[in-house]
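Comments concern the structure below.
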Amino acid sequence: MTLTLQFVPYSEIEHVSSIGRIKKLLALAKQHKIVLLEGRLRKEEEIELIKTTMEEINKEFRGIELAVIYPGNTVTHDLLQKLKVNMISVLLGDRVGVTIIGPASVVRKVKRDPDKIQLFTHHTLPSAGRRLATLANRLQGKRR
Amino acid sequence: MITKLTKMFSNFFKDLFHSKKHVKLGLYGPPNGGKTTLANRICKDWLGEEMGKVSHIEHETREIQVKEQINIKSGKKELSFSLVDTPGIATKIDYEDFVKKGLKAAEAKKRAKEATKGVIDAIRWLDDMDCVIVVLDATKDPYSQVNITIIGNLAARSIPVLIAANKMDLRKADKDKVAAAFPQYPVACISAKKGTNMEEFYESLFKVAA
């Protein structure tokens with residue numbers, strides 16, 4: 001089985017409406033692709049994504065696994081770090097971070113810590129998993 | 001913006017005339033966190049009757065359930081609320097998971113279909129809440145995207161939140177992990193099933209909702 005990772009740069013969704021963003025990302029997930037979105041959706045869009053996913057569940061499509069990783073999610077008591085994160089958020093907005101949307105048919109579970117995401121697929125695909133982890137780390141590094 | 005202004009004015013006039021507060025209190029969270037068990041505990045404590053059926057199989061609650069007019073007291077304070085028990089919010093629902101838990105295929109498919117509708121309804125009701133208790137299973141990793149998304153959306157809507165770290169009677173329960181995941185919110189550590197620490201829970205609820 002081949003595992004496809006589809007990278008979506010933020011520029012591709014930047015000027016798209018909320019509904020348009022959700023439809024685009026879900027369409028990719030329904031093609032059994034793991035979507036790696038540069039940046040993140042707005043909070044209201046995240047919940048709307050869950051709602052739309054539920055509306056579209058059928059025999060073939062059983063839903064998604066979703067994970068968002070960005071510096072603002074990290075719990076820190078370091079004031080300097082907090083200031084840095086806030087500055088980055090002000091400057092880059094929703095471009096900061098990485099969003100992973102995996103179809104439930106492919107991704108069994110997503111385990112997340114503030115700084116890393118582990119994807120467990122239904123099949124053993126170590127090389128693809130490594131590629132995904134490297135790509136996510138690289139994107140995080142680029143933004144920090 | 002208009003909703004926020006309306007809420008602000010409404011709260012101002014309620015405070016001005018010292019009227020007894022009536023809030024719509026929602027129970028939200030992932031499936032099998034113990035929302036209905038907590039709803040039953042609250043109803044039993046204050047009304048003497050239970051609210052809904054509980055099960056070890058996920059998505060037992062697939063419809064919004066509302067219990068009107070619950071009055072709770074703590075010292076001289078009194079809080080009147082409608083309790084809204086919602087279906088667990090999930091990003092995937094597979095009927096085969098229910099089959100694995102022992103349901104027949106037809107029953108599992110029906111349950112899956114109803115569960116998807118339940119999630120949609122729960123999300124739709126989010127805007128109507130005045131206050132929300134996010135019920136989390138303290139034995140599980142609190143740092144799931146569903147939890148973050150629910151809490152993030154409540155914050156975006158300026159809805160007060162109390163986190164109930166439930167199932168504290170189980171050995172694997174880790175209250176520190178729950179508190180560390182959401183440090184900006186009050187956390188009440190309870191066992192809704194055994195009724196442990198409910199006094200503290202009601203006190204926290206007063207602080208958040210009143």
Side-chain angles (χ1 to χ4, degrees), chain A residues 22 25-26 29-30 35 40-70 72-77 82 94 97-120 122, chain B residues 28 30-31 58-59 62 86-99 105 108-109 111-127 140-159 176-185:
Chain A
I22 289 160
L25 297 170
L26 262 187
K30 285 171 92 173
V35 184
R40 60 188 199 272
L41 296 171
R42 286 188 280 269
K43 284 287 163 212
E44 314 85 74
E45 290 171 343
E46 266 179 37
I47 201 106
E48 199 58 39
L49 174 69
I50 297 176
K51 197 169 132 230
T52 312
T53 301
M54 288 297 123
E55 284 165 354
E56 301 206 2
I57 280 185
N58 56 33
K59 245 187 195 173
E60 283 80 39
F61 181 62
R62 309 272 167 94
I64 55 166
E65 280 289 352
L66 172 70
V68 185
I69 186 165
Y70 76 105
N73 263 357
T74 316
V75 178
T76 176
H77 299 290
K82 271 186 188 170
D94 293 333
V98 183
T99 303
I100 296 175
I101 300 162
S105 57
V106 179
V107 180
R108 184 166 49 87
K109 189 181 156 193
V110 177
K111 203 176 164 200
R112 47 164 304 153
D113 289 318
D115 292 322
K116 73 172 181 210
I117 292 177
Q118 284 177 293
L119 242 69
F120 298 88
H122 286 288
Chain B
Y28 275 81
E58 291 186 347
H59 298 285
R62 299 184 293 282
T86 66
I89 293 182
T91 56
K92 61 176 181 183
I93 292 168
D94 189 344
Y95 83 91
E96 283 174 4
D97 291 338
F98 302 136
V99 174
K109 279 179 188 169
R111 192 183 185 94
K113 201 175 175 186
E114 288 170 355
T116 56
K117 196 184 162 292
V119 176
I120 296 165
D121 288 343
I123 293 170
R124 280 193 185 136
W125 273 65
L126 210 54
D127 282 319
K140 290 190 177 160
D141 179 15
Y143 223 78
S144 78
Q145 192 58 48
V146 165
N147 296 346
I148 295 166
T149 302
I150 295 170
I151 291 171
N153 270 272
L154 292 166
R157 290 165 167 82
S158 305
I159 298 172
D176 295 335
K177 216 172 173 184
V178 178
F182 305 105
Q184 62 275 54
Y185 296 101

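The figures that follow rest on heavy atoms only: side chains count, while hydrogens, waters and symmetry mates do not. In what follows, every chain begins at residue 1, and chains take the letters A, B, ... in the order their sequences are listed.
- To the nearest 0.5 Å, the span separating NZ on A/K43 from CD1 on B/I151 amounts to 10.0 Å.
- Counting only distance, with no hydrogens or angles, the side chain of B/T149 and the backbone of A/I47 share no donor-acceptor pair below 3.5 Å.
- Using a 4.5 Å cut-off between heavy atoms, A/L66 contacts chain B through both its backbone and its side chain.
- Within the 4.5 angstrom heavy-atom criterion, atoms from both the backbone and the side chain of A/E55 approach chain B.
- Expressed to the nearest 0.5 Å, how far CD of A/E45 lies from CG of B/N153 amounts to 10.5 Å.
- Only the side chain of B/I123 comes within contact range of chain A, judged by heavy atoms closer than 4.5 Å.
- Side chain of B/K92 to backbone of A/S105: no donor-acceptor contact under 3.5 angstrom is found.
- The greatest number of non-hydrogen atom pairs below 4.5 Å with chain B, out of A/I64, A/L49, A/N58, A/I57, is found for A/I64.
- Using a 4.5 Å heavy-atom threshold, the side chains of B/T91 and A/T53 count as separate.
- With hydrogens and angles disregarded, no donor-acceptor distance shorter than 3.5 Å links the side chain of B/Q145 to the backbone of A/E65.
- Top candidate by heavy-atom pairs under 4.5 Å with chain B, chosen from A/V110, A/I50, A/T52, is A/I50.
- To the nearest 0.5 Å, atom CD of residue A/E56 and atom OG1 of residue B/T116 are 11.5 Å apart.
- Distance check, rounded to the nearest 0.5 Å: NZ of A/K51 to CG of B/D121 gives 10.0 Å.
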